[in-house]
*Asks:* 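Questions regarding the structure given below will be posed in turn.
What you see below is based on every heavy atom in this structure, not just the backbone, and it leaves out hydrogens, waters and symmetry mates.
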Amino acid sequence: FTFVTGNPNLTRTKITNADLRYEWHPVGGQMISVTGFFKYFENPIEKILYPAGSVRIFSYLNVPSAYSVGAELEYRFNIGSFIKKKHCRFLDDLSFTGNFAYIHSEVNLDNVAGVNQRRPLQGQSPYIINTGFSYNDSKYDFGINLMMNYIGPRIFTVGNVSYGTIWENPRFIMDMQITKTFLKKKLELRLNFSDLLAQTAYYFQDANGNNTYDDGVDNKMIARRT
């Protein structure tokens, strides 16, 4: 059995942010940007798990401090803009978007009795990839959007010295939306498809410390498909 319980002793997390962003807009509606950022967390709240006999209990706890630092590349462009001599309606209506982020996060537990370690912030992935394309037919008012998402390994819930931390294994997630407008754009029909690949999500205790689920080596806690 698994239970979720609150913690009345939680204190508010304070976050200090700093970022630097550069944007380039080659033509209207298109953009390339690069961002560097830093965040400092005072008393961040993390989800924890501890066993109580045959029962697992999820709760929340403040840790002293943490930080994250990273960079992000974001783009949005139209394919037809790269063809200067002859325009093609299909390419003019096709655009690509996406962003790639690398994040290093660290929780400082040096002064916590019995722990004395540093690890990533719970829920924070070391890298995030989002990319996709959109086709919006300017003649027939028809559109299709396809998005791909991939998130690096992250801590699902923090463990302790007697019960190991549970990690979430990376997987691809693909979503699609089809749209069609009618009555001079006064009526719109949308059809959404979520998680088309339906890859199994694994949550595991990392026995060999490589932050990746290895069947038969790591302790598989949850396996589910959406």
Side-chain angles (χ1 to χ4, degrees), residues 15 17-41 44 46-47 66-82 90-107 119-138 142-157 166-180 188 190-204 210-213 222-226:
I15 305 174
N17 296 287
D19 63 81
L20 182 63
R21 180 181 178 94
Y22 173 79
E23 292 186 2
W24 178 46
H25 298 266
V27 294
Q30 305 193 52
M31 180 267 293
I32 297 175
S33 71
V34 179
T35 304
F37 58 87
F38 174 83
K39 294 184 179 182
Y40 176 78
F41 303 85
E46 295 188 308
K47 182 168 65 176
Y67 74 88
S68 64
V69 59
E72 180 182 22
L73 170 66
E74 183 178 1
Y75 63 87
R76 182 178 64 249
F77 58 87
N78 174 268
I79 302 299
S81 65
F82 293 96
F90 174 78
L91 295 180
D92 288 342
D93 293 338
L94 183 64
S95 61
F96 280 82
T97 60
N99 62 75
F100 305 88
Y102 169 80
I103 309 102
H104 173 77
S105 66
E106 188 173 284
V107 176
R119 55 163 176 76
L121 187 66
Q122 182 264 320
Q124 179 63 69
S125 299
Y127 55 86
I128 301 172
I129 302 172
N130 296 293
T131 188
F133 75 87
S134 300
Y135 176 73
N136 294 290
D137 194 294
S138 56
F142 166 81
I144 181 170
N145 297 281
L146 185 67
M147 291 298 300
M148 177 77 77
N149 172 265
Y150 190 80
I151 296 176
R154 57 187 177 183
I155 295 176
F156 173 67
T157 183
I166 298 178
W167 290 77
E168 179 182 353
N169 200 49
R171 65 189 180 102
F172 283 101
I173 299 175
M174 181 184 291
D175 299 327
M176 183 171 64
Q177 182 183 78
I178 300 174
T179 59
K180 179 70 174 77
E188 183 178 70
R190 294 186 182 184
L191 187 60
N192 293 302
F193 301 91
S194 299
D195 199 3
L196 292 173
L197 302 178
Q199 293 185 339
T200 302
Y202 292 103
Y203 299 82
F204 63 99
N210 64 353
N211 293 348
T212 301
Y213 174 66
I222 304 171
R224 68 184 181 193
R225 297 177 68 181
T226 56

*Asks:* Who pairs with Q199 by side chain to side chain contact (heavy atoms under 4.5 Å, CB included), at least two apart in sequence or on another chain?
*Replies:* R171, F172, L197
*Asks:* Sequence neighbours excluded, which residues qualify as side chain to side chain contact (heavy atoms under 4.5 Å, CB included) partners of P153?
*Replies:* P126, Y127, W167, P170, N211
*Asks:* According to side chain to side chain donor-acceptor pair (under 3.5 Å), who are the partners of Y40, at least two apart in sequence or on a separate chain?
*Replies:* none
*Asks:* Is D195 reaching over with its side chain to a backbone N or O of I173, donor-acceptor style, under 3.5 angstrom?
*Replies:* no
*Asks:* Taking side chain to side chain contact (heavy atoms under 4.5 Å, CB included) as the definition, give me every residue that meets it alongside A71, ordered by chain and number, with sequence neighbours left out.
*Replies:* none
*Asks:* Once ring pair (Phe, Tyr, Trp, His ring centres under 6.0 Å) is applied, do any residues pair with F41, and if so which ones, sequence neighbours excluded?
*Replies:* none
*Asks:* Return the orientation label for the Y213 and Y202 ring planes: parallel under 30°, perpendicular over 60°, tilted otherwise.
*Replies:* parallel
*Asks:* Could you tell me the separation between the CG atom of L73 and the OG atom of S33, rounded to the nearest 0.5 Å?
*Replies:* 7.0 Å
*Asks:* Does anything in residues 17-32 pair up under salt bridge (charged side-chain N to carboxylate O under 4.0 Å, His left out), and if so which pairs, sequence neighbours excluded?
*Replies:* R21-E23, R21-E74
*Asks:* Can you tell me how far apart CD1 (I144) and CG (L191) are? Round to the nearest 0.5 Å.
*Replies:* 10.0 Å
*Asks:* How long is the span from the CE atom in M147 to the CZ atom in F133, to the nearest 0.5 Å?
*Replies:* 11.0 Å
*Asks:* My understanding is that only residues two or more places apart in sequence, or in another chain, count here; which of them pass salt bridge (charged side-chain N to carboxylate O under 4.0 Å, His left out) with R225?
*Replies:* none
*Asks:* Give the minimum heavy-atom separation between H25 and M31, together with the two atoms involved.
*Replies:* CE1-CG, 3.4 Å
*Asks:* Calculate, to the nearest 0.5 Å, the distance between atoms CG and CG belonging to N145 and D175 respectively.
*Replies:* 11.0 Å
*Asks:* Take Y22 and I32, measure what side-chain contact (heavy atoms from CB on, under 4.5 Å) needs, and give me the verdict at the end.
*Replies:* CA-CA 8 Å; Y22 173 79; I32 297 175; over 6 Å; no
*Asks:* Under 3.5 Å, which donor-acceptor pairs link side chains of residues 95-106 to any protein atom two or more places apart or in another chain?
*Replies:*
| unit_1 | atom_1 | unit_2 | atom_2 | d |
| --- | --- | --- | --- | --- |
| N99 | OD1 | N130 | ND2 | 3.2 |
| S105 | OG | L121 | N | 3.1 |
| E106 | OE2 | R118 | NH1 | 3.1 |

*Asks:* Can you name the residues that form a salt bridge (charged side-chain N to carboxylate O under 4.0 Å, His left out) with E168, not counting sequence neighbours?
*Replies:* R154
*Asks:* Test of understanding: with ring pair (Phe, Tyr, Trp, His ring centres under 6.0 Å), list the residues that count as partners of F193, not counting sequence neighbours.
*Replies:* none
*Asks:* So, taking the atom named CG in N136 and the one named CZ in F142, what distance separates them when rounded to the nearest 0.5 Å?
*Replies:* 9.5 Å
*Asks:* Does a side chain donor of either Y75 or T131 reach within less than 3.5 Å of an acceptor in the other side chain?
*Replies:* yes
*Asks:* Counting N and O atoms only, with roles assigned by atom type, does the side chain of Q122 sit under 3.5 Å from a partner on the main chain of F156, one being a donor and the other an acceptor?
*Replies:* yes
*Asks:* Does R119 have any side chain to side chain contact (heavy atoms under 4.5 Å, CB included) partners at least two apart in sequence or in another chain, and if so, which?
*Replies:* E46, V63, V107, L109, Q117, I155, V158
*Asks:* Between N78 and L94, is there a donor-acceptor pair closer than 3.5 Å when you use the side chain of the first and the backbone of the second?
*Replies:* yes
*Asks:* Among residues at least two apart in sequence or on other chains, which ones pass side chain to side chain donor-acceptor pair (under 3.5 Å) with S125?
*Replies:* none
*Asks:* How long is the straight-line distance from CE of M174 back to CG of L146, given to the nearest 0.5 Å?
*Replies:* 5.0 Å
